[in-house]
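Computed from heavy atoms alone, side chains included, the values below leave out hydrogens, waters and symmetry copies. Each chain gets a letter, A, B and so on, in the order the sequences are listed, and its residues count up from 1.
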Number of protein chains: 2
Amino acid sequence: MGVDCHHPESAQPGLEGLALADAVAAAANKCERTRERLTPPRRRVLELLLEADGPMKAYDLIAAYGQDGEPAKPPTVYRALDFLERLGFAHRIESLNSYVPCRMEGSSHRAAFLICECCGTAEEFEPDFAPQFAAAEAAGYAVRTVTLEARGLCPACKPEA
Amino acid sequence: MGVDCHHPESAQPGLEGLALADAVAAAANKCERTRERLTPPRRRVLELLLEADGPMKAYDLIAAYGQDGEPAKPPTVYRALDFLERLGFAHRIESLNSYVPCRMEGSSHRAAFLICECCGTAEEFEPDFAPQFAAAEAAGYAVRTVTLEARGLCPACKPEA
DNA sequence: GCCTCAGCGTTATGAAATAACATAACCAGG
DNA sequence: CCTGGTTATGTTATTTCATAACGCTGAGGC
């Protein structure tokens with residue numbers, strides 16, 4: 001990432017095997033309940049996000065899309081990402097042009113991340129936007145969504161542990 | 001913007017005349033005090049940001065750069081933007097790929113915006129990140145910068161005023 | 001003076017995202 | 001059923017956003 005770093009790549013292991021299957025199944029169930037369709041490209045992109053060790057760029061997804069090494073066409077992946085974001089299965093991290101699977105239980109239109117500038121991990125956390133909301137309402141704004149991205153060093157990368 | 005809107009473009013008038021000159025002079029003074037150089041391209045990009053009625057895209061700046069209609073070369077503008085961001089004279093709005101001049105007094109490494117999805121204005125406000133900071137520190141993170149972007153409708157664009 | 005280095009101009013390229021349009025699958029109502 | 005509306009996909013091309021790389025210049029320390 002921005003800062004050179006001697007630490008091992010990413011402290012955020014991707015899912016595999018059963019855990020991966022479970023996560024995908026959970027998403028599929030949620031889709032059925034809401035009459036949404038987890039189609040093959042959408043499922044595939046979700047898998048890739050869940051398997052990854054950290055935020056993925058859209059073109060990483062494009063390159064990794066085909067099991068045989070065949071890349072996807074960009075719109076395929078971007079449309080899947082739109083869907084996954086809309087359903088709350090994934091988030092875009094604006095300051096990285098990257099995407100992560102949602103790690104929170106209750107999906108909402110809120111997203112907040114702690115981004116390590118050393119190892120590149122992006123940890124999702126449950127934000128408390130009360131003060132910001134209050135400020136916005138005081139100014140007469142009707143807030144729809146809020147995104148927050150904090151950048152710094154994660155515990156593993158902090159100089160003095 | 002995203003939502004179609006009948007309202008007039010942007011409620012955020014740019015600076016002109018004396019106000020513009022004052023704002024640029026203030027930046028120049030601040031630079032002198034810190035031994036930084038407000039060179040012609042940097043000054044020009046700052047002017048353009050201050051004159052604008054709302055967030056500007058990098059390529060808008062590039063197109064508007066020359067007084068005679070001559071566009072700038074991309075690196076010229078991107079380098080100036082890097083400088084202005086570093087000094088706290090401008091902010092990048094990630095979710096819009098756009099830039100605004102800093103409207104706050106005390107420059108800091110924090111930035112928070114209320115972005116109207118109707119008219120496209122982006123109002124900077126003073127964020128209170130106390131709860132987020134607490135959450136981050138609790139998780140062992142050393143936070144360096146925080147950006148927050150809230151999207152919704154500004155007072156002028158809200159349905160029932 | 002002369003060296004160093006931040007800043008600039010320039011060319012070229014890389015990376016991220018979307019426009020546009022044709023085709024195919026889903027599914028509700030007759 | 002089958003037919004018409006809606007949703008999703010495939011494909012080609014293009015647009016938008018951002019940076020790499022390299023050489024030149026000018027300001028300020030020694």
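- A heavy atom lying under 4.0 Å from DNA chain D marks the following residues of residues 38-50 of chain A, by number: A/Thr39, A/Pro41, A/Arg42.
- Spacing between atom OH of A/Tyr65 and atom C1' of D/dT11 amounts to 14 Å, rounded to whole angstrom units.
- The distance from the CG atom of B/Leu61 to the CG atom of B/Leu46 is 10.5 Å, given to the nearest 0.5 Å.
- With A/Lys158 contributing its side chain and B/Ala142 its backbone, the two residues share no donor-acceptor pair below 3.5 Å.
- The aromatic rings of B/Phe113 and B/His91 sit perpendicular to each other, their planes meeting at more than 60°, with 30° as the lower class boundary.
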Query raised in the report: Can A/Val143 and A/Phe129 be said to form a side-chain contact (heavy atoms from CB on, under 4.5 Å), step by step?
Result: CA-CA 11 Å; A/Val143 174; A/Phe129 285 139; over 6 Å; no
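- Within the structure, salt bridge (Lys or Arg N to Asp or Glu O under 4.0 Å) pairs that include any residue of residues 70-89 of chain A comprise A/Glu36-A/Arg86 (at least two apart or interchain).
- With rounding to whole Å, A/Ile62 atom CD1 is found 14 Å from D/dT11 atom P.
- Using a 4.0 Å cut-off between a side-chain N of Lys or Arg and a carboxylate O of Asp or Glu, B/Arg151 and B/Glu149 do not qualify as a salt bridge.
- Using a 4.0 Å cut-off, some side-chain N or O of A/Thr76 falls inside it from OP1 or OP2 of D/dG10.
- Inter-residue side-chain proximity for A/Arg103 and A/Glu123 is flagged as unmet; no heavy-atom pair is nearer than 4.5 Å.
- The side chain of B/Lys73 places no N or O atom within less than 4.0 Å of a non-bridging phosphate oxygen (OP1 or OP2) of C/dC8.
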**Report entry** Summary of protein contacts for nucleotides 13-30 of chain D, nucleotide by nucleotide, where a base hit scores B, a sugar-phosphate-only hit scores S (4.0 Å, heavy atoms)
**Finding:** ----BBBBB---------
Requested in this report: Just do the salt bridge (charged side-chain N to carboxylate O under 4.0 Å, His left out) check on B/Lys30 and B/Glu32 with the steps written out, would you?
Outcome: CA-CA 5 Å; B/Lys30 202 164 173 189; B/Glu32 259 180 46; over 6 Å; no
